[in-house]
Structure formats: structure tokens, C-alpha cells
2 protein chains.
Amino acid sequence: MKEKAVLIVCDGLGDRQINGKTPLQMARKPNMDKLAEKGICGLMHTIAPGIIPGSDTGHLSIFGYDPNVYYKGRGVYEALGAGLELKRGDVAFRGNFATVDKELKVADRRAGRLKDEGKEFEKSLAGIKIDDVEVIFKSTTEHRGVLVFRGSGLSSKISDTDPHADGAKVLSSKPLEESREARKTSDILNRFTLLSHKLLSENHLNEAREKQGKPKANIILVRGAGSYKRVDSLYERYGFKSACISGGALYKGVAKAVGMDVIEVKGATGRTDTDVDAKARAAKDALEKYDLVFVHVKGMDNASHDGNLGDKVKMIEKVDRLVGGLMKSGAYLILTGDHSTPVSLREHSADPLPIVIYGKGVRVDDVKKFDEISCAKGGLGHIRGLDVMPIIVSFMGYAKKFGE
Amino acid sequence: MKEKAVLIVCDGLGDRQINGKTPLQMARKPNMDKLAEKGICGLMHTIAPGIIPGSDTGHLSIFGYDPNVYYKGRGVYEALGAGLELKRGDVAFRGNFATVDKELKVADRRAGRLKDEGKEFEKSLAGIKIDDVEVIFKSTTEHRGVLVFRGSGLSSKISDTDPHADGAKVLSSKPLEESREARKTSDILNRFTLLSHKLLSENHLNEAREKQGKPKANIILVRGAGSYKRVDSLYERYGFKSACISGGALYKGVAKAVGMDVIEVKGATGRTDTDVDAKARAAKDALEKYDLVFVHVKGMDNASHDGNLGDKVKMIEKVDRLVGGLMKSGAYLILTGDHSTPVSLREHSADPLPIVIYGKGVRVDDVKKFDEISCAKGGLGHIRGLDVMPIIVSFMGYAKKFGE
């Protein structure tokens, strides 16, 4: 008998105690607590104890892909998430429009945060070829975009051009290993950077922006080079169909990398203003066609990076509605996060995440609350991110016995 | 100071809650609970979280042999368990006498379940050689037996001839890898299959069976090819002598594969009617000569596969007597299972198993009951099957310090 499942991953969910309580302990979240009461709970080290996960490596782990083996650099997932189809050997970067002066000193890393002008600026960069390398730049949201190099003999072992700070000079990309491929790729990136400065400076929108006193979008800065290689998909591994519901491009990208279909949901913003009810409805609809539906919620992480405890608690309470909307779907419900982002730190930490599995046949333990402290005593014990998918798959009935 | 130990493995012991309780929670089992109260408890993932163990791979893990490295296919353990001595490179199969019609369509996969006639039918298959390959068939219980090919250049990467269903045609074995060895072995198996049909059809017992209206035992069907290779024994690893007490051939086979002696016990049937008192006595006697005695009890698994909750509970209560009979032996007592077989599923599952270690110096935790829920809170935490033997060995005093 095959079953379906919804995997809800709340970005940056885990936290530390503030005056004795974590945000999860402070929030009113009756549905999450009901999952804990009726389900089996535990703590999950997304990668391993003491290892601070990124959102990319964290999701890979939870999907069952050891990031030590499969992680190819952030750029790959951003590019896939932006809707680009990658080919083996492509090198992909996260990029953004920025403002530089004549000495290539960065005046504004975000070019005054573009609104919808990115699509227009993108046109200046269409059809570029440098030596035998095809260059693809795609604008995504605001000042952000992705850059892809397609050609033979490329390497992602090169450094960023983005200095990560206003006032600094644009960096010259350097090879990070002694190889012809890395030398070639950094050289092409440096030539592209200058070319982007030339071509964007000529874009008619910049003339208008100058008149309006807005910073020009006159260069592309990139970071997070990654090299694409296809991996065996969840379908190939287990034989079930899976889909992703997420507002953020990165999560769509990681999901696509492991073979999930991406379902676009109106109102899913990847921010605290996301429409959780729309996401819950979309997930329920997706269960008609898909066996595993991955729902990503980003808002807790944003609040944590801002050090905003109140917003984090509110976002948890908001996601509780999403959980409630899915409890009667008949599918297994798995609720966890990809990493902790303590409000007190404003950055990712290695603290493990609470996890609960709710559905037919799970060994119900006596945990009644879904939080970092209560779940530590649950029947799942302490597991790792890489354990999550095999456990889900075995409950869904797709696991093959090892031996006889 | 060296100590002795008895490792009791209850096949298919673990389960899920039915109306809030697992079979272990329903059973009256004062001795097991006493072990839990006076011992250290935990949960064991026989292979890894989410991985459904077979009985063969499960036992290998518990004996400390990673099945990812050491598992050689079921046939090997069945053949060893049937008392055959294997040589390196032998390919072994589980086999059974079956009834086929002239078109080799299977009328009865079990040839009407033979009683003691297997030994007589076996004679028709004695002394067969196909090309340079020696063929050994040994009848075991009822319609069951084992088949061994001995010769150079053989491979176990071939498919079964047993169609696993009545009414289907006997399968032609196919190579499962592109190798001369696999092609040769599948070819010899197909020729043996036809030869077994010819030779068994001529066996005088079949004439009598036909007159009595019984299905003829007129072919051998095989499955689970395995390739034998000797592994380092428990004695070679640790320096202690070990023995196996089990009714089932498979368990004797896995035990022999890791170098245990097999002690035959009258009344040990591998079924729910097994004589647990005889097994307890045999284990106590074995402790005179051996350092580690492995006792296997099969009945819970049979009841689980039949979906028979009552029998599973009764079998647990029966095994409780076995545990009671060994509590005063002075040896460490380790009680666990090889995999869960939830009555609700009627097949193996990935749910972890309760485990308890009872004996001198273990850190007694506050678990009072031996079951899946209580043991989750025990002092052993969550361990894996591969951890079990090192822990036992260290309590027994055979572990060597790593470093100084």
C-alpha cells in the first residue's frame, strides 16, 4: 500500500532560549502541538552535530543527498530556481546589478534595489559569447539574477567578483585551483564583468535613472560559482513523483536538482507576508498528482536574520495555519526546519531542529509540544538530515527491503 | 576478567501501536520487564533509520558485519544453515521441489508440501556435473532445499527461475550483469532446471504420488543466488568462542558464516510451537563451552506475517520463559530483535527495535518495561545494529583499547 506525504520545511525555524523559552515555545501553535501529540518526534541535525548548514546544503540533506557528495555550489540551485535549464558542465553564479564608479569602486551593491527594470537591463546582456563560452544572464527579483557560462573546459573553482561591501573595488576573479579550467573560467568572468559594465552603461534606462538621481545599474557582480551535474532523481531512487511549493528561488532550485516539479503559487513570496493558506491549498491540490509534496516557508529565517523575535513568533503562528490546513489531507505530515537561525545570533547555527512525523502507524511517543526542548525526548531520538528521506520513504511504502 | 554473554534475537519482534499499545506492551512478560528494570535499554536501528532489514542482513548487522560489505545473497546462508560446507566462489541458491506441467507451467510451487520424501527425491539429483560445474542439491525441510554450483568462473548476479507464483511459467534465468561469469552461471542453471525436471519425473516416488492424486515433485525452482566468500570470524576478531541455537536454517547459516558453531536442539522448530525451555537449557549448557551464545527465536515473525496479534503476544509471553531461564546464568543477557514486523503490515518495517543489556556494571536507567516506547528513553539511546557487537564485546572484556 502506497501512501502520500507532505514535507514542510520552515527555514531557520530552530532557535535558542530567550528568558528560558525558544520562539517555538512562546508561540501559540495548536496544530503543530497536535502533530507532536499524535505523532513521533525527535531532533534533527541537518548535516551533523556542530555543522552549521546553509539553506542549500540543509535542503540537500533533508532530500537525502549528502552535501559532501552532491553539493555543487549555490549558483547552480539559484539558476535552476530561476527557471534555467542547465547542461552538464555549465558554471552558474548568483549575480546582481550594482552601481560602480569609473574606478570600478562599488557605490551600491544593489543598484538602489531595482523594481521591475531588471528585465529591461537584462536585454543589454543578451547573446554574449566570449571565446567559445556562451553567456546567459537572467534577471530574477529586484537587483538579483543568475549568470551561466556554457562551454567546454569550465570550472567552478574560481573566486567571486562581488566584494560583498559597498565602497570596495570590484574583485578580479582568481582561479582557486591550479587547473587550466579554473584559469579559463576566471578569465572569462573578468572579461564578462568589464563587458557588462560597458553594455549596461549604454542601456537607455540608466540615462533616465541618472536624471531621477537613482544609482545606475551598470555592472554585474557575481558570487557562489557552482558546476552543474545531473544527479539521480527522487523518482529514479524511489519511484514516486514529487513537487515543490516555495516562494524562494533557491529552494525551487534544490528541489529541481533532485527531480521535483516546481508548482508556482500566487502569493508565495518567500517573505513573512507569504500567503500560507494559498500554499496549503496548493499542497492539497498537488497531492492529487504527486506522492510527495515539499512545502518551504521562508519567513522565520527572515525574522531571525533581522533579530526580530516578535516577527519570528508571529510567523510560527502563521505557519501553524498552514499545518492545520494539511492535517486532514490523509497524507503523512512531516514538519521540521532546514537549520536553526537564533534571533540572538541573527545567523545560522548548528543547533538541531525539532522534527515530527504524523500519520498512520507512527509510534506515538509522549511528546505533547512541538519545540526544540520537548522534541528532544521523542521516539525518533536524534537523527540526521540524511535519515529523513529514508524514514519518510519507508512510511510511504516505497522502501525496498535490504536482504530477505 | 572475561565474561560470557547470551544474545537473544527475537525475529520480527518490533511492532506498532494497535489501539495505543504494541504487542510487547500488551504481553505479560515479567522477566523481560525485569531485564529492562535492572538493565540498560535503548532502541536499535538494525541497519539504519528508514532501511527495512531482511532477516539475513539484520543478523549480519547485529553480529557486527556491515551488510553493505558482507552480504552475499540469501542462498549462501541457507546453504550453510543446511549444513553444507561452502568453498570460495561457490554459488548457492534457496530451492524447492515444485510441480510443473509439460509446458513448465507451475501447478504447485511446493509440490503439495512434501513431508519426508525430499531425501528420497534428492537422490535423483546426486552426482550431477554440467560442463565443469559440480551441482549439489540438498533437501532440507518439507519441499525446501538448497542448490550449490561449484566450479570456476561463476557469478551470483543472475535472476531466479522461481516465478514466485502458481500458474506462471518457470522463469529462464538471465545474467544480471554483463559478464562471462553471469552468462555461464545462468546458462548452467537453466540446463540444471530442465535436467531436474527430467530426472525427478523419473523418480519412482512420483508414480506413487500420481496414483494417490498428489502433485508430483518434478522440478527444482531456485531463488536468491549468493556467492560465498569466507569472512573473518568472531573468534578472529575478538578471540572468543561463540555458538548458535536456532530452529531456522537461515539463522544457523548466518551464524556459521561469522564462525559460530551450531548447536542442534531437539524441539527448536523455528515456529511458534518451538520448545523455549529446551532452548534455554541448551543455551545454559552451551555457556560451559562457549563465551557468546546466540539464541534465535522465530515465532513472533511467523505470527506477524500471518497478521495474528494474539499469537504474537502469546509468543512474546512464551519467550519470556526463555529469558527467565537464563537470567541467573551469570552471563550478560542481551535481548532484542532483528527487525520489526508490524502485525498491521504483515511485512518487515524500518521501525527500530527495543534492546536491553542486563548484567554486571551496566548503567541502569529508569526504564521499567521492555517495549518499543519505554526503551526509547533508555540509557543506550538510539544505536545501530553494527554497534551491538562492539558493546557486548566490551562488556565481556574482549575489547582492546584504541590508543593509549
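Reminder, nothing fancy here: chain letters follow the sequence lines and each chain counts from 1. Here the structure is a predicted model, which means the values were calculated and not measured.
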Q: Examine whether an atom of Ser344(B) lies under 4.5 Å from a heavy atom of chain A, and if so say whether it belongs to the side chain, the backbone or both; otherwise answer neither.
A: neither
Q | Region of Val388(A) that comes under 4.5 Å of a non-hydrogen atom in chain B | A | neither
Q. Do other residues, nucleotides or ligands put more than 12 heavy atoms under 6.0 Å from Lys229(B) NZ?
A. no
Q) Given a strict heavy-atom distance threshold of 4.5 Å, which part of Pro352(B) is in contact with chain A: side chain, backbone, both, or neither? A) both
(Q) Quick one, Val364(A) with Gln17(B), criterion side chain to side chain contact (heavy atoms under 4.5 Å, CB included). Give me CA distance, side-chain angles, the key distance, then yes/no. (A) CA-CA 8 Å; Val364(A) 180; Gln17(B) 289 140 330; 3.7 Å; yes
Q) Which bit of Asn68(B) is near chain A, if near means a heavy-atom gap under 4.5 Å: side chain, backbone, both or neither? A) both
Q: Return each pair, listed once, that meets salt bridge (Lys or Arg N to Asp or Glu O under 4.0 Å) where at least one residue sits in residues 336-357 of chain B; pairs must be two or more places apart or across chains.
A: Arg16(B)-Asp351(B)
Q: For chain A, find its close neighbours in residues 57-67 of chain B: heavy-atom separation under 4.5 Å, sorted by number, or none.
A: Thr57(B), Pro67(B)
Q.
Please check if the number of heavy atoms outside Tyr398(A) that lie under 6.0 Å from its OH is greater than 12.
A. yes
**Q.** chain B-proximal positions within residues 36-50 of chain A [heavy-atom distance under 4.5 Å]
**A.** none
Q | Heavy-atom pair with the smallest gap, counting every atom of Lys401(A) and His348(B) | A | CD-ND1, 3.4 Å
Q.
With a 4.5 Å cut-off on side-chain heavy atoms, are Ser340(B) and Arg363(A) touching?
A. yes
(Q) How about NZ on Lys368(A), more than 12 heavy atoms from neighbouring residues, nucleotides or ligands closer than 6.0 Å, or not? (A) yes
Q. Got more than 12 heavy atoms from elsewhere within 6.0 Å of NZ, Lys2(A)?
A. yes
Q. Can you tell which of Asp15(B), Leu345(B), Ile51(B), Leu250(B) has the highest number of heavy-atom pairs within less than 4.5 Å of chain A?
A. Asp15(B)
Q) If you measure from the Lys or Arg side-chain nitrogens to the Asp or Glu carboxylate oxygens, is any gap between Lys377(B) and Asp366(A) under 4.0 Å? A) yes
Q. Is it true that atom CD of Glu288(A) has more than 12 heavy atoms of other residues, nucleotides or ligands lying nearer than 6.0 Å?
A. no
Q.
Suppose we screen for side-chain hydrogen bond (donor to acceptor under 3.5 Å, both in side chains). Which residues come up paired with Asp56(B), at least two apart in sequence or across chains?
A. Tyr71(B)
Q) Of Arg74(B), Arg94(B), Arg223(B), which meets side chain to side chain donor-acceptor pair (under 3.5 Å) against Glu404(A)? A) Arg94(B)
